[in-house]
Amino acid sequence: MIFKSALLATALCLSATAAANTNAPVVTDNDDVTYYAQLEPKDNTTVRGSVTILPKPSGVGVLVSAHFWGIPDNEQQLVYHIHQKPVPKDGNCYSTGAHLDPYGRGDATPCDINAPQTCQVGDLSGKHGPIWAPDNEEFTTTYTDWFLSNVEGEPAFFGNLSLVVHAADNSRLACGNFVQLK
Ligand SMILES: *[C@@H]1O[C@H](CO)[C@@H](O)[C@H](O)[C@H]1NC(C)=O
Ligand SMILES: *[C@@H]1O[C@H](CO)[C@@H](O)[C@H](O)[C@H]1NC(C)=O
Ligand SMILES: [Cu+2]
């Protein structure tokens, strides 16, 4: 009897874990390592740039520093994400899969910038704002993200994945892989 209810409790627990809309937990055990992703130059876009993800002294969260340039002067916002697969040798940004989404939130509802824990972990522009450069074709930002992990094997680990920049129509403009700097 005891065994049976333990099994039942485990099953209930598992189904709760698998349910959609699980909030991303704050990552508190990040390592002292830096990752960097540079967009591979593409002939059909002027967009270039990189994202550097640095450790914070506390190990709680990570510091994201993004720099993009060559942004078309058409007053449209670009978005950028960490995607769930690396860019293959042929450089095709459409081979990088969907967003890093370890808690199974899905794409159905847009990310609420005021509740970033409810967003897909890889949705950097959803959580922190789009690429927006109406005047000078260049955009720089730095922020803390609480939900990314730089520790291999953790659900929110991004170090073997890719950065993808999309146009306003969601087409994939440019992409590049994360590499560890130290
Ligand atoms: C990235 O590393 C994680 C381990 O943290 C592994 O589970 C996953 O399969 C790797 N992803 C790819 C696309 O190699
Ligand atoms: C850029 O070129 C690639 C390869 O030819 C193509 O797959 C992609 O759709 C193009 N992107 C845009 C925004 O035109
Ligand atoms: Cu994307």
Side-chain angles (χ1 to χ4, degrees), residues 17-18 22 24-42 44-53 55 59 61-62 64-68 70-72 76-113 116 118-133 139 141 143 145-182:
T17 310
T22 303
V26 172
V27 175
T28 57
D29 63 348
N30 277 311
D31 282 339
D32 186 22
V33 291
T34 298
Y35 281 90
Y36 172 78
Q38 184 164 36
L39 298 175
E40 297 173 9
K42 292 258 188 283
N44 57 3
T45 180
T46 54
V47 175
R48 302 286 183 269
S50 63
V51 166
T52 308
I53 302 188
V62 287
V64 179
S65 176
H67 182 203
F68 298 103
I71 301 161
Q76 289 189 335
Q77 299 181 347
L78 308 180
V79 297
Y80 64 111
H81 313 125
I82 296 173
H83 279 227
Q84 68 188 164
K85 292 191 219 166
V87 182
K89 287 266 186 299
D90 68 5
N92 188 349
C93 299
Y94 288 89
S95 302
T96 59
H99 305 148
L100 170 62
D101 184 21
Y103 307 109
R105 178 194 188 276
D107 273 322
T109 359
C111 166
D112 177 356
I113 201 166
T118 68
C119 298
Q120 294 180 316
V121 172
D123 189 356
L124 297 182
S125 51
K127 292 187 285 182
H128 305 284
I131 300 170
W132 173 232
F139 174 82
T141 185
Y143 49 79
D145 188 290
W146 304 109
F147 312 108
L148 289 166
S149 173
N150 66 18
V151 180
E152 202 176 335
E154 291 299 317
F157 178 61
F158 64 88
N160 57 355
L161 307 180
S162 58
L163 166 72
V164 178
V165 174
H166 300 253
D169 66 0
N170 209 34
S171 64
R172 301 186 179 187
L173 289 176
C175 52
N177 287 327
F178 280 95
V179 292
Q180 194 179 317
L181 288 186
K182 62 163 183 164

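Atoms within each ligand, like the ligands themselves, are counted from 1 in listed order. Because only heavy atoms are used, hydrogens play no part in the values below, and waters and symmetry mates are left out as well, while side chains stay in.
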Practice task
Report yes if the side chains of Phe147 and Cys119 come closer than 4.5 Å at any heavy-atom pair, otherwise no.
Solution key: no
Handout entry: Protein heavy atom under 4.0 Å of atom 9 (O) of ligand 1
Key = no
Problem - Stepwise side chain to side chain contact (heavy atoms under 4.5 Å, CB included) test for Thr141 and Leu124 - result: CA-CA 11 Å; Thr141 185; Leu124 297 182; over 6 Å; no
Practice task
Look only at interatomic distance and state if Gly153 has a nitrogen or oxygen under 3.5 Å from any nitrogen or oxygen of ligand 1.
Solution key: yes
Problem - Side-chain heavy-atom pair His83, His99 within 4.5 angstrom cut-off - result: yes
Practice task
Could you grab the angle centred on the Cu ion (ligand 3), going from NE2 in His166 to NE2 in His83, to 10°?
Solution key: 120°
Practice task
Do me a favour and list the nearest non-hydrogen protein atom to atom 12 (C) of ligand 1 with residue, atom name and distance?
Solution key: Asn160 ND2, 3.4 Å
Problem - Spacing of Asp31 atom CG and Asn150 atom CG [to the nearest 0.5 Å] - result: 5.5 Å
Exercise for the section: Output the atom name for the N/O/S atom of His81 with the smallest distance to the Cu ion (ligand 3). Expected result: ND1
Problem - Polar proximity ligand 1 side, Glu152 side, N/O cut 3.5 Å exclusive - result: no
Problem - pair Ser125-Gln77: side-chain heavy atoms closer than 4.5 Å - result: no
Exercise for the section: Describe, in one word, how the ring planes of His166 and His81 are oriented to each other, choosing from parallel (under 30°), tilted (30 to 60°) and perpendicular (over 60°). Expected result: tilted
Fill in the blank from the handout: min-distance protein heavy atom vs atom 13 (C) of ligand 1 -> Pro86 CD, 3.6 Å
